[in-house]
2 protein chains.
Amino acid sequence: MKSGTPLVPRRKPRQSRAQVTCDAILTATAQILVKDGYDAASTNNVARVAGVSVGSVYQYFSSKEALVMAVMERHRAEGLTDLEEGMARLSGTTLREAIRLLIRQVLAKKAANPRLHEVLVEQLPRMRQLQQVDPYAVRMLRLVRTFLEPHAAEVRPRDLDMAAFIIFNTVESLTHVALTGRPEYLTRESYVDELCALVLGYLQPEREAVRRGGRLPERTPRTRTVAARKSRSSGKR
Amino acid sequence: MKSGTPLVPRRKPRQSRAQVTCDAILTATAQILVKDGYDAASTNNVARVAGVSVGSVYQYFSSKEALVMAVMERHRAEGLTDLEEGMARLSGTTLREAIRLLIRQVLAKKAANPRLHEVLVEQLPRMRQLQQVDPYAVRMLRLVRTFLEPHAAEVRPRDLDMAAFIIFNTVESLTHVALTGRPEYLTRESYVDELCALVLGYLQPEREAVRRGGRLPERTPRTRTVAARKSRSSGKR
DNA sequence: AGAGAATGTGAGCACGGACTCACGTTTTCA
DNA sequence: TGAAAACGTGAGTCCGTGCTCACATTCTCT
């Protein structure tokens, strides 16, 4: 792949048949990504699957990177509007309910097309274009921040930008790792519960509870419940 | 890269000069990964930088993937023993203190060689070998679980495996995204504070606080601070 | 109609990468 | 000491990939 190639300046489809070709190319790319991963998505292969010639691919996409980028863009735009709509439906709910709805939505979204999400997220760091500032990420964070602002008073974190960054990335990452490492979790209600607890616990004002929990054992625990001791020994290899 | 190549069966260094070559190769690989990324780490290039011939590389590593895998293994083993040692030093501290120490350790570890961590984490999903069960991940999770067990009684989550999964991945992911997206955060004390709040808040037993927080505004907020309203409108694009 | 623009074609080039192999050199050890 | 094993070499093979270009086809619009 040439490194100096500009990523944007390419012919835009003017006639409808061109639009069709363009769509076919994007769809084929997505399909290959899902089925065989990034490496299989060579320009020649994409052209073949799309039923067009390589030349046509390069009419509309200046490089392989631009091609994958376009698929990503399409997909992310969807995610963005989804979240926007989701947030619009929140009036009249408690913070707790709102967070649960949003988390559930993110999980459902990823579960709907797990493989595509997986591949795209993995390729994200390879996109030169995004190395500087990723407008999508910025908008996502702004959205979360906007969600937090009305609750600024009742919530612990003072730096809402950082809070948005943390919440967004927590939910995003935990969804992603569950997807790849623990697919069962995605459909397990308790996972949603835990994610909610995580976010809500983070937002809650401090208190003393766990701090009172006492010291860690020196060697062996002196006083401990039977259940605790049992699960402990079963945890050893 | 051939896909059918076995990843293990390769000559093991028996003489000391062989060990030297082997080390040189691994070091060169790591160095290239850090400086120029994965794509630059071609076998020929690795050999050149290591000062050996390509043939020697293939004496000990059956493929490029195996090569990178070896670097990863080395690096992850380090991380594992680090965490083990860190946990061994925790007796006599509160849960709160313990968590803070561990989080700070993870952050410091990544900040010490950010680029290597970054590249390796990015390449992780490409490793065919790990697609099934990743023994490193298993051991890490077991470690966290072992850490949690003595506190099973004073802590909210009932499923300690899931809790370990969530905590480990939260800290890991948030460290990583900070590394790549907000490097300033890594040295900011407040980021450590927030991560601690996140984990501790998650572990704390439930309570009513935020639930009482009331409803979200229907259309426009009725009662809201000036500051909140101001930053809110500025949040629009 | 027909000229020019838009669209589509695909053989093939240039390049670089992963990997092999036939052969030298050094070490081991009986 | 000398033969076998371990180690090291690097030119060279093979293959896929990204991408171009000269040309053919279709559309648009006066």
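Protein chains get the first letters and strands the later ones, always in sequence-line order, with residue 1 at the start of each. Values below: all heavy atoms of this structure, side chains included; hydrogens, waters and symmetry mates excluded.
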Legend entry - Phosphate OP1/OP2 of dG8(C) contacted by Thr21(A) side-chain N/O (<4.0 Å): yes
Legend entry - Test salt bridge (charged side-chain N to carboxylate O under 4.0 Å, His left out) applied to Arg74(B) and Glu78(B), step by step: CA-CA 7 Å; Arg74(B) 194 201 236 184; Glu78(B) 218 178 276; over 6 Å; no
Inset, instruction - Begin from the C-alpha positions of Tyr202(A) and Glu194(B) and carry the test side-chain hydrogen bond (donor to acceptor under 3.5 Å, both in side chains) through to its verdict. - result: CA-CA 8 Å; Tyr202(A) 170 67; Glu194(B) 294 300 281; 2.6 Å; yes
Inset, instruction - May I ask you to decide if Leu174(B)'s main-chain N or O and Asn169(A)'s side chain share a donor-acceptor pair within less than 3.5 Å? - result: no
Legend entry - Which nucleotide in dT26(C), dG8(C), dC19(C) has an atom nearest any side-chain atom of Ser63(B): dC19(C)
Legend entry - Tyr58(A) six-ring face occupied by Lys64(A) cation (under 6.0 Å, within 45°): no
Legend entry - Of Cys22(A) and Tyr58(B), the one whose closest DNA chain C nucleotide lies more 5': Cys22(A)
Legend entry - Sidechain-backbone polar pair: Ser56(A) side chain, Val52(A) backbone, donor-acceptor under 3.5 Å: no
Legend entry - Nucleotide nearest Arg10(B) (side chain, heavy atoms from C-beta), chosen from dA18(C), dT20(C), dG8(C): dT20(C)
Inset, instruction - Scan Gln15(B) against the nucleic acid and name what it touches under 4.0 Å (heavy atoms): base, sugar-phosphate only, or nothing. - result: sugar-phosphate
Legend entry - Among dG18(D), dA18(C), dA6(D), the one nearest Arg14(B) by side-chain distance: dA6(D)
Legend entry - Residue closer to the 5' end of DNA chain C, Asn45(B) versus Ser16(B) (nearest nucleotide): Asn45(B)
Legend entry - Under 3.5 Å: donor-acceptor pair, side chain of Gln105(A), backbone of Asp82(A): yes
Write down the protein N/O and nucleotide N/O pairs, taken from nucleotides 10-16 of chain C, whose separation is under 3.5 Å; answer none if there are no such pairs.
from, atom 1, to, atom 2, distance (Å)
dG10(C), N7, Ser53(A), OG, 3.4

Inset, instruction - Ignoring backbone atoms, test whether Thr43(B) places a side-chain nitrogen or oxygen under 4.0 Å from the OP1 or OP2 oxygen of dA18(C). - result: yes
